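What follows is one structure encoded as structure tokens, with my remarks underneath.
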Amino acid sequence: MQAASIKMNNIFTDTLNGKKCSRPPVWLMRQAGRILPRYMKMREKYSFEQLFTTPELAAEVTLLPVEDLGVDAAILFSDILTVPKAMGLDMDWTQKGPVFNSPLVFESDPIKKLDVKTESLSYVYQAARKVKQMSDIPLIGFCGGPLTVLCYMLEGVSSNQTFPLSKTFFYQQTSKAKQLIDLLTEVTIEYAEKQSECGIDAFQLFESNAGIVPLEMYEKLFLPAVTRICKAVRAKGIPFIFFGKGISGGVNIVKPETCDFYSADWQMPLSVVRKNLDKEIGLQGNFDPWLLFAPKDVIEKAVINMKPFFKENPKWIANLGHGVLANTPLENVKFLISRIKETIWE
Ligand code: CP3
């Protein structure tokens, strides 16, 4: 296997541990997917679900971006919707993306419709262990955030990602929402703990929908669940990264007990996020995914612009402010990564 020959570097874990490095480490959300020609080849033969539920294939896909893009960390090839499936939701990953056949919002007693079988998630742990056997590259485990996953459970896929039925539910049926959040949090904690026992080097929580509710609602209803998940992961000795898309402006709600690193979305400059974020917390992000459609000199300039930030903030992991978009030119993705790795930062 080619991956075994890739030289281990500790820049990702060193940065997570607060050690100053000569450059920021880099990986990209959604780095393993449709932008990689070798992934597309595999997709001709296997469905997305087959790829992530078969540990050997999931491990192979996890390592593709390390080999083909030169990133400093791998993220387990899986999906945040593994958890709703294990909780008994009737859903499938189709050619067009995930489809929920009976979203909970239409049920009079949603919790009754659930049938939690966490043992069905063992393929995820097998895949993580396999990656660690195959490569020394730091591995990131992950789960979805409580709000994001609950929105999918309640409503399925929302056409413009605003989840109007879920928002209505949070206001009209707050106590039922709380029950669902509690159950989802219990399952997520077990999921995060079990991944943490597989040798992963970091754990990231993807709260991609954080910005669809008012900040006060996020802080009251959902953030305590994130803090509980963080506590469980930390107890296993694993650093915790929190991606809260849409809350950059209100990032002062994120406290040291919420996460070790905060992954910022692309909306605000990192220097502004930094001013509002607790000093103990490191930062990850936040190049705009659309930047990768720009000419190379624009990409290069965006990297160079980060030099003063890195000088003052060595606790920075370079990444995008959201996942790599489909159809992103592969050569621009490679260019961004090589510029981050080859720029003289000091
Ligand atoms: O970052 C990575 O490369 C790791 C793997 C990963 C996937 N999904 C693989 C995937 C991660 C971390 C996710 C997270 C995820 N999944 C989120 C939160 C992050 C975000 O981008 O906002 C959400 C909302 C999902 C749910 C999901 N999965 C949707 C809505 C879709 C369809 C739309 C799309 O992006 O394709 C998926 C499918 C999915 N998840 C693919 C991949 C590689 C595409 C599979 C394919 O068709 O080959």
Side-chain angles (χ1 to χ4, degrees), residues 1-16 23-80 82 93 121-143 191-192 194-204 206 238-239 241 243 263 284 292 317-320 323-326 328 330-338 340-341:
M1 179 78 204
Q2 217 181 329
S5 64
I6 287 171
K7 205 174 161 291
M8 169 69 171
N9 81 55
N10 292 317
I11 195 158
F12 176 76
T13 41
D14 282 352
T15 300
L16 272 174
R23 66 166 174 89
V26 58
W27 71 279
L28 306 180
M29 292 188 264
R30 293 294 188 101
Q31 63 190 16
R34 283 181 295 218
I35 51 154
L36 297 178
R38 284 207 282 163
Y39 175 79
M40 290 190 277
K41 252 221 130 107
M42 290 176 84
R43 282 286 275 109
E44 284 169 18
K45 212 167 148 193
Y46 305 102
S47 70
F48 171 53
E49 189 171 8
Q50 277 174 317
L51 284 180
F52 75 80
T53 56
T54 312
E56 289 71 25
L57 295 173
E60 193 180 335
V61 177
T62 300
L63 292 171
L64 290 181
V66 179
E67 296 163 11
D68 295 353
L69 301 175
V71 287
D72 296 309
I75 179 160
L76 189 64
F77 188 74
S78 188
D79 198 60
I80 64 164
T82 51
W93 286 271
L121 290 163
S122 64
Y123 65 89
V124 177
Y125 317 129
Q126 287 168 31
R129 288 213 161 86
K130 192 100 203 141
V131 176
K132 291 307 287 185
Q133 283 165 11
M134 286 163 73
S135 170
D136 284 337
I137 196 84
L139 177 64
I140 305 163
F142 74 89
C143 68
Y191 188 52
K194 290 233 167 100
Q195 286 188 51
S196 300
E197 288 161 6
C198 295
I200 59 167
D201 299 276
F203 189 88
Q204 176 156 323
F206 285 82
I238 308 296
I241 307 170
F243 173 59
S263 193
Q284 177 174 273
L292 294 170
I317 299 164
N319 202 319
L320 302 179
V324 181
L325 297 158
T328 304
L330 180 64
E331 58 165 309
N332 285 3
V333 179
K334 288 184 177 171
F335 182 74
L336 173 72
I337 290 163
S338 71
I340 292 166
K341 289 170 78 174

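For the single chain, residues carry numbers from 1 onward in sequence order. Keep in mind that this is a model prediction, so the values were computed, not measured.
- For the atom pair CD1 (I75) and CH2 (W27), the distance works out to 4.0 Å, reported to the nearest 0.5 Å.
- The shortest distance between side-chain heavy atoms of L320 and L336 falls below 4.5 Å.
- The shortest distance between side-chain heavy atoms of I238 and Q195 does not fall below 4.5 Å.
- Under a 3.5 Å cut-off, the side chain of K194 and the backbone N or O of L121 do not form any donor-acceptor pair.
- Considering every non-hydrogen atom in both D72 and P138, the closest pair reads O-CD, 3.6 Å.
- Counting heavy atoms from C-beta outward, L292 and L325 have side chains that stay 4.5 Å or more apart.
- Side chain of Q31 to main chain of V324: no donor-acceptor pair is present (N/O by atom type, distance under 3.5 Å, no hydrogens or angles).
- Side-chain N or O atoms of S135 include none that pairs as donor or acceptor with a backbone N or O of V131 at under 3.5 Å.
- Checking T82 against Y191 by side-chain atom types alone, a donor-acceptor pair falls below 3.5 Å.
- Ring to ring, F48 and Y39 are not that close: their centroids are 6.0 angstrom or more apart.
- Between A74 and I137, the shortest heavy-atom contact is CB-CG2, 4.0 Å.
- In terms of modelled atom types and a separation under 3.5 Å, the side chain of R38 and the main chain of P65 share no donor-acceptor contact.
- Although no hydrogens or angles enter the test, the distance criterion places no donor-acceptor pair under 3.5 Å between the side chain of T62 and the main chain of L76.
- Looking only at side-chain heavy atoms (C-beta outward), T328 and R30 stay at 4.5 Å or farther from each other.
- Residues L69 and L36 form a side-chain contact, since some pair of their non-hydrogen atoms from C-beta on lies under 4.5 Å apart.
- Looking only at side-chain heavy atoms (C-beta outward), Q284 and L16 stay at 4.5 Å or farther from each other.
- The two residues C198 and K132 come nearest to each other via the heavy atoms O-CG, 3.7 Å.
- The shortest heavy-atom contact between Q204 and S263 is NE2-OG, 4.3 Å.
- Checking side-chain atoms of T54 against main-chain N and O of L51 turns up no donor-acceptor pair under 3.5 Å.
- Nearest heavy-atom pair, A59 versus K130, reported as atom, atom and distance to 0.1 Å: CB-CG, 3.6 Å.
- The structure places CG of N319 at 4.5 Å from CE of M29, a figure rounded to the nearest 0.5 Å.
- The side chain to side chain contact (heavy atoms under 4.5 Å, CB included) check on T53 picks up E49, Y123, with sequence neighbours excluded.
- Of the candidates F203, F206, F52, F243, F206 is the only one forming a ring pair (Phe, Tyr, Trp, His ring centres under 6.0 Å) with F142.
- Rounded to the nearest 0.5 Å, atoms CZ (R34) and CZ (R43) are 8.0 Å apart.
- Residue A128 comes nearest to L139 through the heavy atom pair O-CD2, 3.7 Å, listed as atom of the first residue, atom of the second, then distance.
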